[in-house]
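Right, one structure below, let's go through it.
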There are 2 protein chains.
Amino acid sequence: MNQEKNYRMTHQREMILEVVQKNHSHLTADEIYDRVRKKLPRISMGTVYRNLDILASCGFIKKLQPGYAQMRFDGNTRDHYHVVCMRCGKIGDAQIEPLDNTLENLENALGNLTSYGIFGHNLEFVGLCPNCMELEKDLPDDQQTNQLMMEVTEDGSQRKPN
Amino acid sequence: MNQEKNYRMTHQREMILEVVQKNHSHLTADEIYDRVRKKLPRISMGTVYRNLDILASCGFIKKLQPGYAQMRFDGNTRDHYHVVCMRCGKIGDAQIEPLDNTLENLENALGNLTSYGIFGHNLEFVGLCPNCMELEKDLPDDQQTNQLMMEVTEDGSQRKPN
DNA sequence: TAGGTTATTAGGAATGATTACTATTATAAA
DNA sequence: TTTATAATAGTAATCATTCCTAATAACCTA
Ligand SMILES: [Mn+2]
Ligand SMILES: [Mn+2]
Ligand SMILES: [Zn+2]
Ligand SMILES: [Zn+2]
């Protein structure tokens, strides 16, 4: 599986990888746990987390850690951005091409201005999933999404939803 | 303080705001708690969290919620990006101008492609603070930062640190 | 300036996702 | 096979954040 690390391929690890790869929906650890348990009823949560980390460190899957929402796992390891629902944490793929050039230039520029060593970046879009858009409608004003904005986008940027 | 919400200005709220505004170092809730406690020794953690949320929702401060690190608070409410240390979670300001045009265009483009309602975005740079750069040197290879990369940048982007 | 309404507090308990621990088991190499 | 040790199940621990509630303090109005 990975030469230098002496990893072994166990049934548990195999099933976890399969579940993540067959789901294009950015599952959480407990969703993965539920699905794997159908086949391996005695698997434990610790095993799920440990393997997700290992699989991610080997590059077989990607670990997504949005701010203000729990981590999720992506079987698609190609470079792409995500939209995070600010209410329920659900994650969708952003169907736009990566800004590699722009952002790499930014990283280089920043590297010369800061005392930090720059290794990469994260860009995520913030919004509402279709489901939460619906629910939004019958909420009192003071729980409306614009009240959430400040807490959810780092830059306070706002935009009319489509 | 805020007309529609009937907020009151208490000593606790005042002190918390003052601490956040006088510190340009993106403090965590417990760091703020420690500092406020010098003046108000009986203040409680719940009060700190509640007020930080309220102050952020009023736009007096900004709440930063990087993935994989605890939340921090910024007295500088102008639009700017941040560098997050992937080891200790410390946050520094990125001294580069915001990508407003580029990213607003992206948001608009994305809005037409996804079923999500897009409200904004978060961009953060990931790296090592000066302190952790030092510590890095005498670490065994398998704990070196490149091992952390996959877990920390959503896009797996890599770059030589300066 | 006092009284009344209610936002806010202190203190402590609860939450919940994630991580750590450990005796036992399964994997892969020889 | 035998053997070394990576990995597991089950469970306990962590720890940042949120929740709860009786008591208090801000602010409005008379
Ligand atoms: Mn994806
Ligand atoms: Mn800042
Ligand atoms: Zn949602
Ligand atoms: Zn650091």
Side-chain angles (χ1 to χ4, degrees), chain A residues 1-17 26-34 36-37 39-58 63-73 84 87-91 142-143 148 151-152, chain B residues 1-17 26-34 36-37 39-58 63-73 84 87-91 142-143 148 151-152:
Chain A
M1 184 178 148
N2 178 315
Q3 41 278 42
E4 41 186 325
K5 276 284 199 172
N6 284 8
Y7 287 130
R8 296 173 182 176
M9 185 47 78
T10 63
H11 297 136
Q12 292 88 336
R13 188 164 294 165
E14 209 166 23
M15 286 302 305
I16 290 167
L17 178 57
H26 311 101
L27 299 172
T28 61
D30 49 292
E31 288 168 342
I32 293 163
Y33 175 61
D34 286 344
V36 173
R37 213 152 36 142
K39 290 283 178 59
L40 304 172
R42 306 194 63 78
I43 196 173
S44 75
M45 202 59 190
T47 299
V48 172
Y49 272 108
R50 184 169 12 82
N51 280 300
L52 288 170
D53 268 345
I54 290 173
L55 291 169
S57 80
C58 293
K63 192 204 266 192
L64 309 182
Q65 313 208 65
Y68 59 86
Q70 84 196 94
M71 53 174 74
R72 288 171 176 269
F73 298 87
V84 187
R87 270 202 193 281
C88 71
K90 203 176 295 176
I91 292 186
D142 65 337
Q143 285 173 36
L148 263 179
E151 308 203 2
V152 128
Chain B
M1 186 181 145
N2 179 315
Q3 40 277 43
E4 42 186 326
K5 276 285 199 169
N6 284 9
Y7 286 131
R8 297 174 182 175
M9 186 46 78
T10 63
H11 295 136
Q12 292 89 335
R13 188 164 293 167
E14 208 167 24
M15 286 300 306
I16 290 167
L17 178 56
H26 311 101
L27 300 172
T28 61
D30 49 292
E31 289 168 341
I32 293 163
Y33 175 61
D34 286 344
V36 172
R37 211 149 42 137
K39 289 284 177 57
L40 305 172
R42 307 196 61 79
I43 196 173
S44 75
M45 202 61 190
T47 300
V48 171
Y49 272 106
R50 184 168 13 82
N51 280 300
L52 288 170
D53 269 345
I54 290 173
L55 291 169
S57 79
C58 293
K63 192 203 264 192
L64 310 182
Q65 312 209 66
Y68 60 85
Q70 84 196 94
M71 52 174 74
R72 288 171 177 268
F73 298 86
V84 187
R87 270 202 191 281
C88 71
K90 204 177 294 176
I91 292 186
D142 64 337
Q143 285 173 38
L148 262 178
E151 307 202 4
V152 127

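Residues B:Arg13 and B:Tyr7 form a side-chain contact, since some pair of their non-hydrogen atoms from C-beta on lies under 4.5 Å apart.
For the pair A:Ile54 CD1 and C:dT19 P, the interatomic distance rounds to 12 Å; values are reported in whole Å. We find that CG of A:Asn51 is positioned 13 Å from C1' of C:dT27, with the value rounded to whole Å. What separates CD of A:Gln12 from P of C:dT25 is a distance of 14 Å, to the nearest Å. D:dT29 atom P lies 10 Å from atom CG of B:Asn6, rounded to whole Å. Computed from coordinates, the A:Arg13 CZ to D:dA7 C1' distance equals 7 Å when rounded to whole Å. Rounded to whole Å, atom P of D:dG10 lies 12 Å from atom CG of A:Leu40. We find that CZ of A:Arg42 is positioned 15 Å from C1' of C:dA26, with the value rounded to whole Å. The distance between atom CG of B:Leu52 and atom C1' of C:dT8, rounded to the nearest whole Å, is 15 Å.
Every residue two or more places apart in sequence or in another chain that forms a salt bridge (charged side-chain N to carboxylate O under 4.0 Å, His left out) with A:Asp34 is listed here: A:Arg37. For B:Arg8, the salt bridge (charged side-chain N to carboxylate O under 4.0 Å, His left out) criterion is met by no residue, not counting sequence neighbours. A:Thr28 meets the side-chain hydrogen bond (donor to acceptor under 3.5 Å, both in side chains) test with A:Asp30, A:Glu31; sequence neighbours excluded. Scored by the side-chain contact (heavy atoms from CB on, under 4.5 Å) test, A:Ala69 finds A:Pro66 as partners (sequence neighbours excluded). Here B:Thr47 pairs with B:Ser44, B:Arg50 under the side-chain hydrogen bond (donor to acceptor under 3.5 Å, both in side chains) rule; sequence neighbours left out.
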*asked:* Counting primed atoms plus P, OP1 and OP2 as sugar-phosphate and everything else as base, spell out the protein contacts along nucleotides 14-20 of chain D at 4.0 Å heavy-atom distance: B, S or - for each nucleotide, 5' to 3'.
replied: --SSB--
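Residue B:Met9 is the one, among B:Met9 and B:Pro41, whose nearest nucleotide of DNA chain C lies closer to the 5' end (criterion: closest heavy atom).
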Short heteroatom pairs, N/O only, protein and nucleotides 21-25 of chain D, under 3.5 Å:
none

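For the pair A:Ser44 and D:dG10, the criterion of a side-chain N or O lying under 4.0 Å from OP1 or OP2 is not met.
Considering NZ of A:Lys5 and OG of A:Ser57, their distance stands at 7.0 Å, rounded to 0.5 Å.
With A:Ile16 as the fixed residue, the side chain to side chain contact (heavy atoms under 4.5 Å, CB included) test singles out one of A:Ile43, A:Leu40, A:Ile54, A:Thr10: A:Ile43.
For B:Gly89 against B:Val84, the heavy-atom pair with the smallest separation is O-CG1, 4.1 Å.
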